[in-house]
Undergrad: 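Dropping a structure here in structure tokens format, bear with me for questions.
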Amino acid sequence: VSRFLSLLHSISSGLSDTELSSMKFLCRDKISKRKLEAVQSGRDLFSILIEQQKIAEDNLEFLRKLLQHIDRGDLLSQLVQFEEEEPYAPDDQPDGHEQPVAVIHDNVGREWKRLMRELGMPEVKLDRIETDYRDKLSEQVFQALRQWQSWKAKHAKVADLIQALRGCNLNLVADKVED
């Protein structure tokens, strides 16, 4: 999976409807009204911006300005982190984080909030995820794990996930992650 597209997906997933609406408004001079009306998600908006060469993997200035205008410093920090990382840094390899995330995603279920609390994630972020992905348990788990990884950045360790799983008495899941 492209790091760039993964970044855009993560940013898109973190946007509320109001923030998406604000971003669409800010793009009115760049994108036709008809195309903007069809935009239903951040991914839709980013696809158009890529198509029109307003954003690219090596040109994120316009996206940076959009995130600044909607006052989303947390998403802006994801963008900065993306720019600072080497394209093929060892931390980007699936074995480091993606495999455990997939195992946890498939096995944690409704206990995801308890796990995230054990990992020290702020309650505000958990509530936001729950609100943004209401009635979509699988997506709540996925987004919580993604936000934890973004929040911890290079300090997101598999050992921390295992310890937190054991702290929540989710030992079977912890064993699967270790395997």
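Throughout, numbering of the chain's residues begins at 1 and tracks the sequence. These figures come from a predicted structure and were not determined experimentally. Note that these values count all heavy atoms, side chains included, but never hydrogens, waters or copies made by symmetry.
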Undergrad: Looking at His9, is its backbone amide N or carbonyl O close enough to the side chain of Ser13 to form a donor-acceptor pair, meaning the two atoms are under 3.5 Å apart?
TA: yes
Undergrad: State, with a plain yes or no, whether a side-chain heavy atom of Asn107 is found less than 4.5 Å away from one of Leu170.
TA: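 Not in contact.
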Undergrad: Check whether any side-chain N or O of Lys24 sits under 3.5 Å from a backbone N or O of Val39 as a donor-acceptor pair, and report yes or no.
TA: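 It does hold such a pair.
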Undergrad: Do Glu51 and Lys35 sit within salt-bridge range, that is, some charged N less than 4.0 Å from a carboxylate O?
TA: yes
Undergrad: Can you list the steps and then say if Arg134 with Glu139 is a salt bridge (Lys or Arg N to Asp or Glu O under 4.0 Å)?
TA: CA-CA 9 Å; Arg134 186 169 305 149; Glu139 192 63 22; over 6 Å; no
Undergrad: Below 4.5 Å, heavy atoms only, C-beta onward: do Leu119 and Trp151 meet side chain to side chain?
TA: no
Undergrad: Does some side-chain heavy atom of Leu63 sit less than 4.5 Å from a side-chain heavy atom of Leu49?
TA: no
Undergrad: For Gln163, does the CD atom have more than 12 heavy-atom neighbours from other residues, nucleotides or ligands under 6.0 Å away?
TA: no
Undergrad: With rounding to the nearest 0.5 Å, note down the distance linking CG in Leu60 to CZ in Phe82.
TA: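 Here the interatomic distance stands at 6.0 Å.
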Undergrad: What's the spacing between Ile31 CD1 and Glu37 CD if we round to 0.5 Å?
TA: 12.5 Å
Undergrad: Please evaluate residues Val177 and Leu165 with respect to the criterion side-chain contact (heavy atoms from CB on, under 4.5 Å), reporting the C-alpha separation (whole Å), side-chain torsions for both, the decisive distance (0.1 Å), and the verdict.
TA: CA-CA 9 Å; Val177 169; Leu165 286 164; 3.9 Å; yes
Undergrad: Taking all heavy atoms of Gln140 and all of Trp112, pick out the closest pair and write down the distance.
TA: OE1-NE1, 3.2 Å
Undergrad: Is there a donor-acceptor pair under 3.5 Å between the side chain of Arg114 and the backbone N or O of Cys168?
TA: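 Yes, Arg114 side chain to Cys168 backbone: donor-acceptor pair under 3.5 Å.
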Undergrad: What heavy-atom pair brings Val103 and Lys176 nearest, and what distance separates the two atoms?
TA: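 Looks like CG1-CB, 3.6 Å.
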Undergrad: Go through the structure and list residues passing salt bridge (Lys or Arg N to Asp or Glu O under 4.0 Å) with Glu61, not counting sequence neighbours.
TA: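 Only Arg64 meet the salt bridge (Lys or Arg N to Asp or Glu O under 4.0 Å) criterion with Glu61.
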Undergrad: Could you tell me if the side chain of Gln143 sits less than 4.5 Å from the side chain of Asp132, heavy atoms only?
TA: no
Undergrad: I'd like to check Trp148 versus Lys152 (side-chain heavy atoms, cut-off strictly below 4.5 Å). Are they in contact?
TA: yes
Undergrad: Is any side-chain heavy atom of Ile55 less than 4.5 Å from a side-chain heavy atom of Leu8?
TA: yes
Undergrad: Counting N and O atoms only, with roles assigned by atom type, does the side chain of Arg117 sit under 3.5 Å from a partner on the main chain of Glu123, one being a donor and the other an acceptor?
TA: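 The answer is no, because no donor-acceptor pair under 3.5 Å joins these two groups.
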Undergrad: Applying salt bridge (Lys or Arg N to Asp or Glu O under 4.0 Å), name anything that partners Asp44, two or more places apart in sequence or on another chain.
TA: none
Undergrad: For the residue pair Ser150 and Gln81, confirm or rule out a side-chain donor-acceptor distance under 3.5 Å.
TA: no
Undergrad: Going by heavy atoms in the side chains, are Phe4 and Ile50 under 4.5 Å from each other?
TA: yes
Undergrad: Could you please spell out the steps behind the salt bridge (Lys or Arg N to Asp or Glu O under 4.0 Å) verdict for Glu118 and Arg166?
TA: CA-CA 10 Å; Glu118 188 76 20; Arg166 295 206 187 281; over 6 Å; no
Undergrad: Can you name the closest pair of heavy atoms from Arg146 and Ser6 and give their distance?
TA: NH2-OG, 3.2 Å
Undergrad: First locate atom CZ of Arg43, then atom CD1 of Ile11, and finally report the distance between them rounded to the nearest 0.5 Å.
TA: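 That separation rounds to 12.5 Å.
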Undergrad: For the side chain of Tyr133 and the backbone of Arg128, is there at least one donor-acceptor N/O pair under 3.5 Å apart?
TA: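 Checked: no pair found.
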Undergrad: Using a distance-only test with no angle check, is there a side-chain donor-acceptor pair under 3.5 angstrom linking Arg72 and Ser16?
TA: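 Side-chain D/A pair, Arg72 to Ser16: absent.
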Undergrad: Could you grab the distance from atom NE2 of His69 to atom CE of Met23, nearest 0.5 Å is fine?
TA: 10.5 Å
Undergrad: Among all residues two or more places apart in sequence or in another chain, which pass the salt bridge (Lys or Arg N to Asp or Glu O under 4.0 Å) test with Asp127?
TA: Lys113
Undergrad: Measuring only between side-chain heavy atoms, which start at C-beta, is Leu45 closer than 4.5 Å to Leu15?
TA: no
Undergrad: Working to the nearest 0.5 angstrom, can you tell me the gap between Lys65 NZ and Phe62 CZ?
TA: 8.5 Å
Undergrad: Nearest 0.5 Å please: distance from the CG atom of Leu75 over to the CG atom of Leu7.
TA: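 The CG atom of Leu7 is 9.0 Å from CG of Leu75, to the nearest 0.5 Å.
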Undergrad: Evaluate side-chain contact (heavy atoms from CB on, under 4.5 Å) for Asp71 paired with Glu19, printing each intermediate quantity in order.
TA: CA-CA 9 Å; Asp71 198 28; Glu19 290 165 338; over 6 Å; no
Undergrad: Using only atom types and a distance under 3.5 Å, with no angle test, would you say the side chain of Ser22 pairs donor to acceptor with the backbone of Thr18?
TA: yes
Undergrad: Does CG belonging to Asp135 count more than 12 external heavy atoms closer than 6.0 Å?
TA: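 For Asp135, atom CG is not crowded (no more than 12 foreign heavy atoms under 6.0 Å).
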Undergrad: Would you say Val80 and Ile70 are hydrophobically clustered, going by side-chain heavy atoms of ILVMFWY under 4.5 Å?
TA: no
